[in-house]
Amino acid sequence: MRRSRVPVAGTACALLGLVGMLAVSLGWWDRIPEAVVTREASARRAATEVPRWVVAAAVPLLHLTVTSLVTTLVTVAGPGERAVAPAARTTGLNVLLVLLSAVFPGVHAVVTALAAGADLPVAPTAVALCGAVLLGVGAAMPAIARRATPSVPAGTTGGPLLEKAVTAWHASHSLGGAVMAGAGFLLVLSAPLYAFLLPDGALAFAIAATTVTAAVLTPFAAMTARTLASTRRGASH
């Protein structure tokens with residue numbers, strides 16, 4: 001089995017992202033209350049509070065966990081991924097780690113700023129940030145798919161089916177990347193509208209969450225449909 005190369009650029013960016021989040025936490029530390037209210041009190045329940053170290057450490061720990069899981073999942077690849085060129089897999093992992101290293105520090109900066117009492121428009125900021133990530137990932141996906149060439153050794157059991165699966169993988173990633181980039185671009189363009197057209201914070205957040213969820217799921221739905229269509233065409237021949 002061929003192993004993927006070490007994602008040097010992605011790993012370096014992940015480390016820089018962690019260092020940057022540490023700097024942000026230290027910069028806001030004195031302005032963050034010792035007990036941060038995460039849910040306001042109501043007539044039926046008391047307020048929920050967390051110590052400020054949770055606010056300072058939650059997103060960095062999440063970044064470390066997600067980065068470790070992504071790296072492990074790509075390294076321990078399934079049969080379809082093992083047929084993809086290791087260089088292409090490493091390139092894809094580098095791109096993903098770089099993007100994660102951009103979005104997590106951004107989220108952490110927003111979370112710590114809000115905890116410190118800064119006045120930020122949460123919904124527009126979240127929508128724009130998610131849109132930028134989707135735009136970057138979507139733009140990179142077709143290029144990664146083009147570099148991922150089938151490599152099924154002759155005589156491999158189920159070789160023809162595996163080649164068809166890799167071909168379907170290429171087609172689905174090209175389509176999914178285009179859809180994802182388009183969805184991300186629309187999110188970035190629409191982000192300022194939340195501040196002007198939806199003054200109600202709760203309503204704006206609910207609509208933003210629904211919109212972002214749809215934008216994330218739509219590319220994967222398109223990829224699934226394209227893969228199923230390619231698989232059925234291959235089975236009919």
Side-chain angles (χ1 to χ4, degrees), residues 6-41 46-72 93-140 184-185 187-196 198-209 211-213 215-216:
V6 176
V8 177
T11 302
C13 287
L15 292 175
L16 287 175
L18 289 172
V19 172
M21 285 187 281
L22 175 61
V24 169
S25 296
L26 292 176
W28 285 108
W29 183 259
D30 291 335
R31 295 183 58 181
I32 300 176
E34 291 187 4
V36 179
V37 177
T38 58
R39 187 172 64 177
E40 298 291 342
T48 301
E49 297 180 344
V50 298
R52 61 179 170 182
W53 69 262
V54 173
V55 175
V59 178
L61 289 176
L62 182 60
H63 182 204
L64 183 61
T65 301
V66 171
T67 299
S68 300
L69 286 175
V70 167
T71 303
T72 301
L93 182 56
N94 271 322
V95 171
L96 185 55
L97 291 180
V98 169
L99 290 170
L100 289 175
S101 301
V103 65
F104 276 105
V107 172
H108 182 62
V110 172
V111 170
T112 51
L114 290 173
D119 186 15
L120 289 177
V122 179
T125 302
V127 170
L129 186 61
C130 292
V133 173
L134 290 177
L135 179 59
V137 174
F185 181 69
L187 284 180
V188 173
L189 286 182
S190 65
L193 298 179
Y194 290 89
F196 296 105
L198 296 171
D200 183 357
L203 177 61
F205 185 80
I207 294 178
T211 303
V212 170
T213 301
V216 171

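The analysis underlying the following values was restricted to heavy atoms, covering all of them including side chains, and did not include hydrogens, waters or symmetry mates. Keep in mind the model is a prediction, meaning the values are calculated, not measured.
Applying the ring pair (Phe, Tyr, Trp, His ring centres under 6.0 Å) test to every pair with at least one member in residues 9-33, sequence neighbours left out, gives no pairs at all.
To the nearest 0.5 angstrom, His108 atom NE2 is 10.0 Å from Leu61 atom CG. With rounding to the nearest 0.5 Å, the separation of CG in Leu97 from NE2 in His63 is 7.5 Å. Distance OG1/Thr211 to CG/Leu193: 10.5 Å, rounded to 0.5 Å.
Heavy atoms only, all atoms of each residue included: Ala35 and Glu49 are closest at CB-OE1, 3.6 Å. Contact between Ala215 and Leu187 at its shortest, heavy atoms only, is CB-CD1, 3.7 Å. Taking every heavy atom of both residues into account, Val188 and Pro192 meet most closely at O-CD, 3.7 Å. Pro33 and Ala115 get closest at one heavy-atom pair: CD-O, 3.2 Å. Of all heavy-atom pairs spanning Ile32 and Arg52, the tightest one is O-NH1, 3.2 Å. Closest approach of Ser101 to Gly10, counting heavy atoms only: OG-O, 4.4 Å.
Counting heavy atoms from C-beta outward, Val127 and Ser190 have side chains that approach closer than 4.5 Å. At least one side-chain heavy atom of Val66 sits less than 4.5 Å from a side-chain heavy atom of Phe104.
Partners of Leu64 under the side-chain contact (heavy atoms from CB on, under 4.5 Å) rule, at least two apart in sequence or in another chain, are Leu18, Ser68.
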